[in-house]
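Just so you know, ligand 1 is whichever comes first in the structure, and atom 1 is the first atom listed for that ligand.
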Amino acid sequence: MKQNFARITGLGYYVPETVVTNHDLEKHMDTSDQWIRERSGIVTRRFYTEGKDTVSLMGARAAEVALSRAGLKPEDIDFIIFATLSPDYNFPGSGVLVQKHLPFRNIGALDVRTQCTGFVYGISIADQFIRTGMYKNILVIGAEIQTNIFEMSNRNRDFAVLFGDGAAAAVVQHTHDEHRRILSTHLHSDGHYAEDLMLEHPGSNLKDRMSSKIVEEGKHLPFMKGNAVFKHAVTRFPEVIMEALDANQLSIKDLNLLVPHQANLRISEHVQKTLGLSDEQVYNNIQKYGNTTAASIPLAFAEAWEEGRVKEGDLICLAAFGSGFTWASALLRW
Ligand code: UT7
């Protein structure tokens, strides 16, 4: 009997229309265009519009593009995986809300909560469901509205300058092709660092989930030990990329394109240098969108595809590191 494999057959994205520059941010906090560009490479990011954009709606818009590029209709999808740290509601998840925007059948919908690695975790889950023969067509969405999580103020300026809003999606389909497929996925986490990059409240630990004290202390705002995240990221990225290549008896020279999670251009450049990758082998678009967390990899992957940087037979590595800490990679032959 032929073996089941999975491959990505369509990519799409949606970004909100409002472009916010570094100079715009200077008006709200002590920061500068120069500081932001030098430390992160970011020039602009998108801000969502209240009443027009929701996380599930943005995800649905991205999904429509991915579906049409895959030549499928929402009715053809067997399962929805929605990766986000900024769901529309505390519950239910945004995966089920996508079903209100597009005509899916009453299929299962799963939210993934691994932040920056959410899309790669989602691809891994989709790959496993398809390999076992349970499903044929799976939609994996990564979408975030983050520009209302942080405060446009000095106490949250490390976050406010880095993050943006956006959505992207991939259609993962069954194939018997042994060559052009998702080759392997590799998932990791270390919860000892959970508090180094987190948003604590409203959580379930306190009787008063939200209080004026929490707000005064800024505990409702995202917190990040930037330097610690940076240091772990530049170690874990190369590690998990090499793990994927080694697992398939491939090497850096075989890699046509690395699509790293867009956390910081300096992190991507560090990883590129450590692994000895050329500029042609790495795709970055953080300059335009900032860090869009779960949306960042599919957003970069979809743009790379639109720009003709992804060709038939190319070896592509998706790699991510972020809050948890979690880190992950997916190696695929396009
Ligand atoms: O998706 C994964 C999640 N996040 C990441 O991967 C982020 C990883 N970390 C980073 O990207 C970097 O650590 C940052 C971009 C967050 C910070 O860059 P850094 O070079 O590590 O700067 P720093 O935290 O060491 O801060 C340097 C200075 C500090 O001032 P002092 O103490 O030297 O006087 C900060 O207070 O820069 C100050 N600073 C700012 N200045 C202007 C911090 N944020 C800002 C800001 N504008 N927005």
Step through the shown structure and confirm whether more than 12 heavy atoms of other residues, nucleotides or ligands are within 6.0 Å of NE2 on His101. yes

Within less than 4.0 angstrom of ligand 1, does Asp30 place any heavy atom? yes

Please state whether Ile36 comes within less than 4.0 angstrom of ligand 1, counting heavy atoms only. no

Name the orientation class of the two ring planes belonging to Phe47 and Phe150 (parallel below 30°, tilted from 30 to 60°, perpendicular beyond 60°). perpendicular

Between ligand 1 and Gln115, can you find any atom pair, the residue atom being a heavy atom, that is separated by under 4.0 Å? no

Under 4.0 Å between heavy atoms, the region of Ser40 that gets near ligand 1 turns out to be neither

Any side-chain heavy-atom pair of Phe82 and Leu110 under 4.5 Å: no

So, regarding His261 and ligand 1 (criterion: nitrogen or oxygen to nitrogen or oxygen, under 3.5 Å), is there a contact or not? yes

Determine whether more than 12 heavy atoms belonging to other residues, nucleotides or ligands lie under 6.0 Å from atom NE2 of His176. yes

Indicate the ring-plane relationship of Tyr193 and Phe325, choosing parallel, tilted or perpendicular according to the 30° and 60° boundaries. parallel

Closest candidate by heavy atom, reference atom 11 (O) of ligand 1, pool Asn291, Leu85, Asn264, Asn22: Asn264

Taking the minimum heavy-atom distance to atom 4 (N) of ligand 1, which of Met29, Met224, Gln34, Arg39 ranks first? Met224

Leu162 and ligand 1 - part of the residue with a heavy-atom distance under 4.0 Å: side chain

Less than 4.0 Å between a side-chain N and a carboxylate O, is that true for Arg266 and Glu269? no

If you have a sec, work out which protein heavy atom is nearest atom 37 (O) of ligand 1 and how many Å separate them, to one decimal? Trp35 NE1, 3.2 Å

